[in-house]
Every structure is written in structure tokens, then in C-alpha cells.
Number of protein chains: 2
Amino acid sequence: MAALKYSRQRESIKQYLATTYDHPTADMVYLHVKEEFPSISLGTVYRNLNLLADMGEAIKIATPNGGDRFDGRTNPHNHFLCTKCGKVIDLDMEDISHINETAAKNFDGIIESHSIIFYGTCADCIEKS
Amino acid sequence: MAALKYSRQRESIKQYLATTYDHPTADMVYLHVKEEFPSISLGTVYRNLNLLADMGEAIKIATPNGGDRFDGRTNPHNHFLCTKCGKVIDLDMEDISHINETAAKNFDGIIESHSIIFYGTCADCIEKS
DNA sequence: ATCAATAACGATAACAGTTACTATAATCAA
DNA sequence: TTGATTATAGTAACTGTTATCGTTATTGAT
């Protein structure tokens, strides 16, 4: 069972995720929350980020090359990762969950979900070039 | 520059990727090629897998939890990862590359590509349960 | 308010996957 | 065959993450 207990550190992490659009890595969260709790441990950040993700209060975005990113916005949406600067941006795009059925057509197992990341160049990086 | 030189080890790795449907991890490739080259180094396997991926002769599939998988079949296709047994299976599904345009609609940057992994339970694991 | 039970903490070690280094060996063009 | 250069094996180092452990904080019952 493991009843959940309140902690100020977890609350601060949650708060940060709720207010930033940066899709921070665990380390970025650590550096930010460290300002309020100078003695916080990186392990505490990881533990709470995973806890929040497991409870559905945050999304963990797995990326190739570099650490996972975390997103406090849990409504279904897709992500874009800029291959130039590494920024992760929320995409405002129509629902494409129908691709699960497309995938299931010639497949014997059960398709439950999918994860997508779109890659390319973000507006800022286009401007700079 | 950097002219490529033949190596028996690289050839063996390529051969293995071309004949297996297992989407092996670097370590699985290592263990297999070790049978032909008992003194091969894991570093050699990584170096060549990345080389092949860079040259477009193999695909590197990034997965959350656990190492990247490699696929010698380079024609465009999608992958399914069984959350029960970890197996990666090629999906025989119709092309969905149009989702790149869908994503680009309300987006200022340039969408160049995407990566998808479908998750669920494979036929073998359904049977066992 | 005090206490006991236990979840969460901070510090640090351990771990997995991967890359970097270096001296030796294999490839290849002249 | 020689010389230039790439690839190798072996190993150390590195990154991102999880586990361990003694101490602290939270909570529910007294």
C-alpha cells in the first residue's frame, strides 16, 4: 500500500513542473529546486519525478541522446525536439491516436499506446541560421 | 575524409543484423559476434553499430528503459515493443508519414522526421496469460 | 501535545549503457 | 614490402539513473 506522505520538496518540484514550459531534465529540476532547498539531493528529485509520473501527475518524455524530460502538463499532446538546440516544444496538433488502430490491423498482439517525438529545426534556430 | 577500411568484425556485425529479426541490443550483438571472434571488444561493437547507423545501413531504435536496439532492415517501417517481455517486432502497417504535415500545421519550425514506438502485449505474451 | 510507525530525506555508492583513450594489429595504396 | 592510416582489444571514464542507509519529517492514534 505505502501511503503517500506530504513533502515540501515534492510540492516544490510539482510547482515548478506546473509553471514551466521548458520540459526540464531531472538535473534542470534539481538546479531549480535547489534554490529553495539548497540541501536537496538529486536522488530526491529523481524519486519524486518518477513518483509523479507513476501517479499520472507528470509525463516522462524519453529522448535519444541525453536525459529524459519531464512535463507537468498531462493532457494528451505531442512533442517536438529541435535537433539543433535540443529544446522540447509542445505541439498544438490534432489528435492522431487513430494510428493505434492502423498499427493493430495486421498485428496479432494488442496495441495499447504509442510514443512519438517529432524532430526538426525550431523557429529560433531557423532565424539564427 | 577518413576513408573507411574493411574489417572482418564489422562485416560479421552487418551480417548478423541482416539475418536476424530480433532487433538486438549492442550487448546481444556482442555476445553473438563473440562466437566468431572470441576476442572482440564491446567497444568495437558499439563503434561499428553507430558507424552503420550513421551510414544508413542500420537503424538505431531508442527505447525507454534498457539499451537501444538495432535493426538491419532500413526500409521505412514502425516498431512495436512488448511491455511484458521486451520483444521488439516490425509492424506491417500502412504508411503514416502524413502525420509530419499534421504536426507542422500550427508550428513555426520545420518538422523533418519523427520516431514512433507502439506499446502493448505481443501475441506470445497474450497466450501465456 | 506526545508518541510510535513509517514515509521521505540527504549523502553516497552502485549500476547500466555508452564513449574515450591508447598501444598494437590489420588494411590498403604505392 | 613498405609506410600511412584505420580498426582493434582492453580498459578507464563518463552520463544518467537507481539503490542503500542512517537520519529527519509527517501523520494518525493516544
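Naming convention: chains lettered A, B, ... in sequence-line order (proteins, then strands); numbering from 1 in each chain.
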Student: Got a sec? Which of residues 47-57 of chain B come in under 4.0 Å of DNA chain C, heavy atoms?
Tutor: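 Under 4.0 Å from DNA chain C: B:Asn50.
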Student: With distance as the sole test, does B:Thr20 use its side chain to make a donor-acceptor pair with the main-chain N or O of B:Leu17 at under 3.5 Å?
Tutor: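 Such a contact is absent between B:Thr20 side chain and B:Leu17 backbone.
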Student: Would you indicate what A:Ile40 reaches in the nucleic acid, counting non-hydrogen atoms under 4.0 angstrom: base, sugar-phosphate, or nothing?
Tutor: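 Result for A:Ile40 = sugar-phosphate.
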Student: Could you state the atom-to-atom distance from CD of B:Glu36 to C1' of D:dA9 in whole Å?
Tutor: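 Result: 16 Å.
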Student: Verify, without hydrogens or angle tests, whether B:Asp92 (side chain) and A:Asn106 (backbone) share a donor-acceptor contact under 3.5 angstrom.
Tutor: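 Absent.
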Student: Kindly calculate the angle separating the two end axes of the helix from C:dA1-D:dT30 to C:dA30-D:dT1, each obtained from five base pairs, and round it to 10 degrees.
Tutor: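 Computed angle between terminal axes is 30°.
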Student: With a 6.0 Å cut-off (strictly less than), is the heavy-atom count around OH of A:Tyr6, excluding the residue itself, greater than 12?
Tutor: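 It does: A:Tyr6 OH has more than 12 such atoms within range.
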Student: Could you check whether any side-chain N or O of B:Thr63 sits under 3.5 Å from a backbone N or O of B:Gly67, counting only pairs where one atom can act as donor and the other as acceptor?
Tutor: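 Checking the backbone N and O of B:Gly67 against the side chain of B:Thr63, a donor-acceptor pair under 3.5 Å is found.
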Student: Just the rounded figure in Å: distance from C1' of C:dA16 to OH of B:Tyr46.
Tutor: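 Interatomic distance, OH of B:Tyr46 to C1' of C:dA16: 8 Å.
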Student: Out of D:dT8, C:dG10, D:dA7, which has the shortest distance to the side chain of A:Thr44?
Tutor: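 The nucleotide sitting nearest to the side chain is C:dG10.
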Student: Among the candidates C:dA7, D:dA7, D:dT8, find the nucleotide nearest to the side-chain atoms of B:Leu4.
Tutor: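 Side chain of B:Leu4 sits closest to D:dA7.
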Student: How close or far is atom P of C:dA8 from atom CG of A:Leu42, stated in whole angstroms?
Tutor: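 Rounded to the whole Å, the gap is 18 Å.
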Student: I need the CD1-P distance between A:Ile13 and C:dA8, as an integer number of Å.
Tutor: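 It works out to 12 Å between those atoms.
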Student: Round to a whole Å and report the spacing from CZ of B:Arg8 to C1' of D:dA7.
Tutor: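 Taking atom C1' of D:dA7 as the reference, CZ of B:Arg8 is at 11 Å.
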Student: So which nucleotide from C:dT12, D:dT26, D:dA9 ends up closest to the side chain of A:Ser41?
Tutor: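 Ranking C:dT12, D:dT26, D:dA9 by closest atom to the A:Ser41 side chain puts C:dT12 first.
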Student: Of B:Phe70 and B:Tyr6, whose closest DNA chain C nucleotide lies nearer the 5' terminus?
Tutor: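 The residue mapped nearer the 5' terminus is B:Phe70.
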Student: So, applying side-chain contact (heavy atoms from CB on, under 4.5 Å) with B:His23, which one of B:Lys87, B:Met28, B:Arg69 is it?
Tutor: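 The passing option is B:Arg69.
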Student: Check the angle between the aromatic planes of A:His114 and B:Phe118 and answer parallel, tilted or perpendicular using the 30° and 60° thresholds.
Tutor: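 The rings of A:His114 and B:Phe118 stand perpendicular, inter-plane angle above 60°.
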Student: Name the closest nucleotide to the A:Lys5 side chain, picking from D:dT8, C:dT18, C:dA5.
Tutor: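 Of the options given, the side chain of A:Lys5 lies nearest C:dA5.
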Student: Check the distance between D:dT8's C1' and B:Arg10's CZ and give it to me in whole angstrom.
Tutor: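 Answer to the nearest Å: 11 Å.
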Student: Between B:Asp22 and B:Pro24 (side chain of the first, backbone of the second, donor and acceptor by atom type, cut-off under 3.5 Å), is there such a pair?
Tutor: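 Such a contact is absent between B:Asp22 side chain and B:Pro24 backbone.
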Student: Could you give the CE-to-C1' distance, from B:Met28 to C:dG17, as a whole number of Å?
Tutor: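 Interatomic distance, CE of B:Met28 to C1' of C:dG17: 15 Å.
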Student: Under 3.5 Å, is there a donor-acceptor pair linking the side chains of A:Ser12 and A:Glu36?
Tutor: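 Note: A:Ser12 and A:Glu36 side chains meet the donor-acceptor criterion.
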Student: Atom CD of A:Gln9 to atom P of C:dA7: distance rounded to whole Å?
Tutor: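 Distance, rounded to whole Å: 17 Å.
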Student: Are there over 12 heavy-atom neighbours, none belonging to A:Asp27, within less than 6.0 Å of that residue's CG?
Tutor: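 More than 12 within 6.0 Å, yes.
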